[in-house]
There are 4 protein chains.
Amino acid sequence: MRVGFIGLGHMGSAMAERLLAAGHQVTVFNRSRAKAEPLEAIGAQIAQDVGSACAADVVFTMLSNDQVVENVVFARGGVIDSLPEGAIHVSASTISVALSSRLAAAHAGRDQRYVAAPVMGRPTAAAAGKLFVVAAGDQTALDEVAPLLAAVGRRTVEFGPDPSSANLVKLSVNFLVASVIETLGEALALVGKAGLDREHYLDFLTSTLFEAPVYKTFGPLIIQESPEPAGFAAVLAFKDIRLAIAAGEELAVPLPVASLLHDRFVELLAAGGANLDWSNIGRRGQHDGAPKTVPQNHSAAAA
Amino acid sequence: MRVGFIGLGHMGSAMAERLLAAGHQVTVFNRSRAKAEPLEAIGAQIAQDVGSACAADVVFTMLSNDQVVENVVFARGGVIDSLPEGAIHVSASTISVALSSRLAAAHAGRDQRYVAAPVMGRPTAAAAGKLFVVAAGDQTALDEVAPLLAAVGRRTVEFGPDPSSANLVKLSVNFLVASVIETLGEALALVGKAGLDREHYLDFLTSTLFEAPVYKTFGPLIIQESPEPAGFAAVLAFKDIRLAIAAGEELAVPLPVASLLHDRFVELLAAGGANLDWSNIGRRGQHDGAPKTVPQNHSAAAA
Amino acid sequence: MRVGFIGLGHMGSAMAERLLAAGHQVTVFNRSRAKAEPLEAIGAQIAQDVGSACAADVVFTMLSNDQVVENVVFARGGVIDSLPEGAIHVSASTISVALSSRLAAAHAGRDQRYVAAPVMGRPTAAAAGKLFVVAAGDQTALDEVAPLLAAVGRRTVEFGPDPSSANLVKLSVNFLVASVIETLGEALALVGKAGLDREHYLDFLTSTLFEAPVYKTFGPLIIQESPEPAGFAAVLAFKDIRLAIAAGEELAVPLPVASLLHDRFVELLAAGGANLDWSNIGRRGQHDGAPKTVPQNHSAAAA
Amino acid sequence: MRVGFIGLGHMGSAMAERLLAAGHQVTVFNRSRAKAEPLEAIGAQIAQDVGSACAADVVFTMLSNDQVVENVVFARGGVIDSLPEGAIHVSASTISVALSSRLAAAHAGRDQRYVAAPVMGRPTAAAAGKLFVVAAGDQTALDEVAPLLAAVGRRTVEFGPDPSSANLVKLSVNFLVASVIETLGEALALVGKAGLDREHYLDFLTSTLFEAPVYKTFGPLIIQESPEPAGFAAVLAFKDIRLAIAAGEELAVPLPVASLLHDRFVELLAAGGANLDWSNIGRRGQHDGAPKTVPQNHSAAAA
């Protein structure tokens, strides 16, 4: 398939590379051309503008926030102006539910098709094709892009015909991840300040009730000295928490833990942590002393 | 070994049965004798009072809260008065860090030994010997009781020489579980009110980042109509959240999500829910309508 | 002075009436003309459109939210297009800090002047000329509009040359008022459920440490049966709390009580209370039983 | 009247002095005798023990927390053992609702009488006889002690026959005061970080809707450099918030702002602030820079 790809940050570049590796004909566009060049070296065409990238069967956008997506899509010569009739826009960015609904309506007005397909995973997972993809939209469009989504992720989970459902799911997932960071941070502060060995405690959690990737990934990030470079910057995570709260406002669903997370991010940003990894909201500086007690013999397996 | 067992609620009875099945000589005591009789039928001796149950190498207590433990242990003719020198008291109850420290001191003053060994799991897990046991205390005592703990649980995880460490860990775990219930409840309310299929959403979560027993157990409890009978009553879970907050006060560790959970439990209790399962703090009555959208074809596996 | 007045809700109508009573020549505009007619009867001119209302020395806008203000000001033929050079736009609406800054820049670009002058008080206070006015902007502009502000309020308090400062102050005040409603609601629920006479309790508070208009106004609204019609609708108060939180985000100031109020308003809106008075966030249905105890002799004055 | 007075901290000493000044015969007791001596110099008798101080018509206790009151009242030779039949114990300490109920029952069992009469005000107010007294108990006992309470306070407000009602009211008041400190602190951080003059802002608040002693007292304490020495130590205020939350647990009333205050106090204590004035929970170190904008001409009074 002829695929356009707009937005070549860490995530976008890795995804475009996966599409090339799967044998698709990919034309890429990025505001600063330098990020496109490594892809050209492995077979991509570089488009001179957004419009040229849209001369395709399917165009992906992978951009950092609502405002950038709005500019790229709605500007003169943008995606709406340029995408052929019947072609599909796959929005992989984490954007608001409201903007996703506006995109759906705008594409429908031009007889274009629109699929929301935000992805879950850190840049290393993207490079390895191990993202999870959350997709929603018209079923025939979903079926057509399924091979492309299969190239970028290890699995696609679909959420019905309304594209904004996928965005809501993605925001709820980032809310749940941030909740794990915060609550695990509180628990680690508690046992750490009591002198327990926090790594042993984490091993215990992640080998019993909490044996899940989210605890295994973020537990060590919370307790290590410098959880950098950021896999996902606090300022972007903060944006997602705000979008989750906005979705809750729209649906009249109170999200008290999301509100608490909101304030934790504001504190982190106030302290200059915008570009730190979001796992930093789980860190409590004053409690990170050396443990007082190190058990000799942690675990006695049951016979 | 000669084992005494005091406290035969759902959990205690199942644990005593496991000890009998492992071939130990078990003497049981319960305030109301009726609960002891099924155990007599399978080989237990019934003690007439706490003191008689303490004529043993090891005595377990499995009681509902601090106050009951205090009564059983410190009363005239109680555990402290009755346990032989050198014998071991294994406290499996979920009690406060502060009481556990008092027990440790009191036993030391009588040349008795003390191990804190709270357990994780619902009554069905106890009956199947699938509890996780969190243990702390003097290493030789831990080693001596290891076969007993192996009989009641599938695995014992040790947390060093200070018995109260095990109680702190147990309280932190119940805090983390309650946090999962609350945050998953918020996320389910959000996607459910948007019309998404909540079971499909749960399947998605528990097969990706949140693939852990805690999400798999509590997700369905939150969305099903009547999560009863209670595996763990709200009023007991509320007690544990209060004890976690009290431990945080003692160690000067703020636990903002625990405070929020505290208030959710007070609301539930105010609404008459003391004996409902604790998963009810994750339920939001007004959002539990029928989903508006049921996807036809949920998931497209990656090729 | 020739004064234009755009926006004739409860507050706007009362303010325009005060300006007429003070002898100014007032041209009014409202989207639905019916609301303008009572003012015509007492001497106002009715403008056919926004532009005509702007043929003045000073034009007031008193509109319900950011979006309406944006439409009225930035639309073709709106305030920016129509206001003469050197004339002053007085924005009395409670709007975001960000929009106020945009208005300031836009007016400066057309050599117009701009004063932000949000008001404090309920419609009855507006009718009586007893509002407090919070004003900010260029000092000479403030001085020129001072007589007009003196006509609508009992006192004007100025906050320097940056117009958006006045909007920030207004939002902070509504945050503080909502905080009083919530905390007083919690205290009244506590003493009320214990059986104390809530009116006696309120008398006590408002004659000692809490002897302030805000407690005297909102205390009775919280405990009375039907605090309607709304002096200030919950949905508008919610908007202001969101704008206060947005200002906190911009300045990197966490506002945890504002976040909590946000969630209380979402709950109230979810329960269908959008048009109820905002004092309803302080009400707790289940606690409003009859007091168990009615003191005979409430107070013994000190000799 | 013959009056015993137990507990001579800042507040107790000032109250005892007021009783002496009103012409009563006062016998004082304090654990460390040194604090009693200044009162002896102005006419008090010094008792050698608690029991001797109880040889009186009325005995006051003014002690720092539940535990000290329990010791003084229930110990062998304590108030219960020593107070004559028919005599009255006036407990002016801020204690839990639960302990106050226990005191009521214990005194009733000895045919003694009991009045709870906690006081509101800082030590300087106590010295000036300007406290507010919150009293509850049997009406004839209240009437008998009314002249004594009139000597220590400027006004007594009664809350019916159940003594613990007075304790509940006192705790609710300290909750409301702490709420004002926190919310005013948030508002001051917001306007301060925007560059507004915080003193001008406070003047505005306390001359309009928030014209109450509580705002006038605590506003300046929040913004001044070193709000010390403590008029009321954070560790004691924290105790009262915990007791308010405990009362809410008992009555099944959620107090979400109290929970938030609880966590603010834990943070302050974790940072070493136990003995700082409680107004410190309203301070945000990082926001306390010099204002960017100082208005020249703050206020234009309405003509």
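Heavy-atom basis, side chains included; hydrogens, waters and symmetry copies ignored.
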Value rounded to 0.5 Å, distance of OG in A:S259 from CG in C:L255: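 Answer for the OG-CG pair, A:S259 versus C:L255, is 12.0 Å.
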
Qualifying ring-ring contact (aromatic ring centres under 6.0 Å, His included) pairs, either residue in residues 166-191 of chain A, two or more places apart: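 Pairs touching residues 166-191 of chain A that pass the test: none.
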
Partner set under side-chain contact (heavy atoms from CB on, under 4.5 Å) for C:P220, not counting sequence neighbours: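 C:P220 satisfies side-chain contact (heavy atoms from CB on, under 4.5 Å) with C:L202 only.
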
Those residues that, when tested against C:A106, pass side-chain contact (heavy atoms from CB on, under 4.5 Å) (two or more places apart):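 If we apply the side-chain contact (heavy atoms from CB on, under 4.5 Å) test to C:A106, skipping adjacent residues, the hits are C:F74, C:I80.
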
Interchain contact, C:L260 with chain A, by part (heavy-atom threshold 4.5 Å):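 No part of it gets close to chain A.
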
Side chain proximity check, C:E249 to A:L269, heavy atoms < 4.5 angstrom: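 They are not in contact (no side-chain heavy atoms under 4.5 Å apart), so the answer is no.
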
Segment of A:L268 engaging chain C (4.5 angstrom heavy-atom cut-off):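 No part of it gets close to chain C.
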
Residues in residues 236-244 of chain A that sit under 4.5 Å from chain C, counting heavy atoms only: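 At a heavy-atom separation under 4.5 Å, chain C is reached by A:F238, A:R242.
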
Within 6.0 Å of CD in C:E250, more than 12 heavy atoms from elsewhere: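 Open.
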
